[in-house]
Amino acid sequence: MVFYTCGPNEAMVVSGFCRSPPIMVAGGRVFVLPCLQQIQRISLNTLTLNVKSEKVYTRHGVPISVTGIAQVKIQGQNKEMLAAACQMFLGKTEHEVAQISLETLEGHQRAIMAHMTVEEIYKDRKKFSEQVFKVASSDLVNMGISVVSYTLKDIHDDQDYLNSLGKARTAQVQKDARIGEALAKRDAGIKEAQAMQEKISAQYVNEIEMAKAQRNFELKKAAYDIEVNTRKAESDLAYQLQVAKTKQKIEEQKVQVEVVERAQQILLQDQEINRKEKELEAQIKKPADAERYRLEKMAEAERMKLVTEAEAEAEAIRVKGEARAYAIEVKARADAEQMAKKAEAFQDYQDAAIVDMLLEKLPEIAEEISKPLTQVKKIKMVSSGGSEVGAAKITGEVLDILNRLPDTVERLTGININQAGQKKPGRMS
């Protein structure tokens with residue numbers, strides 16, 4: 001089974017197996033069984049036909065040539081017309097369909113021309129086109145073709161008949177035009193003279209009316225001027241009187257205003273006096289009372305502060321004194337006990353104990369003696385020529401200081417370290 005489609009300007013006809021009568025599809029789709037069914041297409045495009053009828057004799061025997069333009073097409077929306085078109089044109093090309101339609105239209109056009117005069121065709125083209133369209137449409141419908149439009153394009157002849165009709169008509173129109181122009185000029189002259197007469201008459205009447213109007217204007221103006229001057233004089237007098245009255249009222253109002261202003265000034269002065277008194281009281285008396293009260297409170301606070309600080313300081317001194325006294329007492333007791341124990345030890349050991357203590361302190365003494373040397377970064381040695389030089393000299397100086405140590409101890413304590421050392425083994429034995 002094969003699936004076929006066609007556009008809106010085309011129709012398909014399927015015939016054969018199970019297709020009796022044939023199916024006609026305009027702008028759609030259809031399934032076809034190959035070898036069992038046959039599909040054919042027919043165009044639905046609009047065809048433009050140039051319908052020419054050469055040297056056709058009209059009703060009065062005048063040969064003329066007519067050219068018309070027709071638009072025709074196979075009607076696909078009407079099933080009956082499409083079936084008729086398929087029966088007549090299926091398998092034919094668009095050119096063949098157009099030729100058949102053209103010949104049909106030309107025959108009807110020639111028939112209509114034979115029944116009409118040249119004047120009727122020339123003057124009333126719309127009537128001729130409508131008759132051709134009507135007769136041709138009724139005949140082409142039977143073929144499945146509809147006439148979309150028909151228009152008469154051209155009319156001409158070889159006998160110069162149409163030109164003669166035009167010349168006669170042109171001469172008539174020109175004659176009518178000249179007559180009309182002469183009549184128009186005559187009427188224009190008459191109308192112009194009448195208009196001029198009416199214009200002059202109207203001008204005179206207008207001037208008379210203007211003079212009357214001017215006279216009436218001057219009279220009324222003089223009367224109006226008298227009345228205006230009278231009213232103006234009265235107005236001036238009334239104005240002066242009113243000005244005097246107004247000035248009097250103004251003076252009275254001024255006096256009243258001065259009285260009111262004076263009263264207001266007195267009232268303002270009283271209020272200013274009260275304000276000054278209150279201001280003096282607020283700026284001098286109350287600040288003075290406030291300052292006195294502040295100074296009293298500050299003096300009282302300062303007195304309480306001094307009393308409190310003095311009491312606190314006395315208490316602190318007392319506590320410190322008691323603590324210091326207790327510390328001194330404890331230290332004194334400890335020193336006394338230590339001294340007592342030392343006295344007992346010294347009494348037991350006597351010179352040996354003293355020597356022992358001195359010997360224990362000798363390393364510290366030596367360290368303190370040599371300590372300055374550790375801080376020296378650079379030493380310059382100057383020799384006199386008969387002594388040692390260098391490190392040996394420095395070592396000798398330190399040893400010399402240590403050799404003098406027993407004499408120093410003996411001078412300070414009265415104990416000879418060398419003798420005490422010699423006696424010590426004997427006592428121990």
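Note that the structure is a prediction, hence the values are computed from the model and not measured.
In this structure, Q194 places its CD atom where more than 12 heavy-atom neighbours from other residues, nucleotides or ligands lie under 6.0 Å away. Counting non-hydrogen atoms of other residues, nucleotides and ligands closer than 6.0 Å to CZ of R59 gives a total above 12. Within 6.0 Å of the CD atom in E300, the count of heavy atoms belonging to other residues, nucleotides or ligands exceeds 12. More than 12 heavy-atom neighbours from other residues, nucleotides or ligands sit within 6.0 angstrom of CD on Q271. Within a 6.0 Å sphere centred on CD of E309, heavy atoms belonging to other residues, nucleotides or ligands number more than 12. Annotation for R318: atom CZ counts as buried by contact number, over 12 foreign heavy atoms lying within 6.0 Å.
Of the options D154, L152, T58, I112, a side-chain contact (heavy atoms from CB on, under 4.5 Å) to V66 is made by L152 and by none of the others.
Between I208 atom CD1 and Q203 atom CD the span is 11.5 Å, to the nearest 0.5 Å. Rounding to the nearest 0.5 Å gives a distance of 8.5 Å between CD of E272 and CG of L268. Here the straight-line distance linking atom CZ of R262 with atom CG of L267 works out to 12.5 Å at 0.5 Å rounding. The CZ atom of R303 sits 9.0 Å away from atom OG1 of T308, with the distance rounded to the nearest 0.5 Å. Atoms CD1 and CD, from I74 and E94 in turn, are 8.5 Å apart once rounded to the nearest 0.5 Å. With values rounded to the nearest 0.5 angstrom, F128 atom CZ is found 5.5 Å from M113 atom CE.
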- [ ] Walk me through it: do I145 and V97 pass the test side chain to side chain contact (heavy atoms under 4.5 Å, CB included)?
- [x] CA-CA 10 Å; I145 298 176; V97 175; 4.2 Å; yes

TODO: Using the side chain to side chain contact (heavy atoms under 4.5 Å, CB included) rule, take Q131 and M116 through it: C-alpha gap first, then chi angles, then the decisive distance, then the call.
DONE: CA-CA 11 Å; Q131 288 187 7; M116 295 182 69; 3.7 Å; yes

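In this structure, I155 and R125 have side chains that are in contact, with non-hydrogen atoms separated by less than 4.5 Å. Annotation: side chain of V132 is not in contact with side chain of V51 (no heavy-atom distance under 4.5 Å). Side-chain contact between L105 and L140: present, with at least one pair of heavy atoms (C-beta onward) separated by less than 4.5 Å.
Between N142 and A84 the shortest heavy-atom distance is O-CB, 3.7 Å. When all heavy atoms are compared, the tightest approach of A98 to L49 is O-CD2, 3.6 Å. Nearest heavy-atom pair, Q75 versus S146, reported as atom, atom and distance to 0.1 Å: NE2-OG, 3.6 Å. The two atoms that bring I100 and M143 nearest to each other are CG2-SD, 4.4 Å, heavy atoms only. Nearest heavy-atom pair, L102 versus N50, reported as atom, atom and distance to 0.1 Å: CD1-O, 3.5 Å. Between Y150 and A70, the shortest heavy-atom contact is CD1-CB, 3.9 Å.
Under the side chain to side chain donor-acceptor pair (under 3.5 Å) criterion, E296 pairs with R292, not counting sequence neighbours.
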Donor-acceptor pairs are to be reported for all side-chain atoms of residues 246-260 against protein atoms at under 3.5 Å, with residues two or more places apart or in another chain.
residue : atom : partner : partner atom : Å
T246    : OG1  : Q242    : O            : 2.6

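In this structure, the side chain of S138 engages the main chain of V135 through a donor-acceptor pair within 3.5 Å. Under the 3.5 Å distance criterion, the side-chain polar atoms of E96 are matched with a main-chain donor or acceptor of T93. Checking side-chain atoms of S65 against main-chain N and O of K55 turns up a donor-acceptor pair under 3.5 Å.
A donor and an acceptor atom, one from each side chain of E106 and S53, are nowhere located under 3.5 Å apart.
Pairs of residues two or more places apart, or lying in two chains, that qualify as salt bridge (charged side-chain N to carboxylate O under 4.0 Å, His left out) and include a residue from residues 204-223 are K221-D225.
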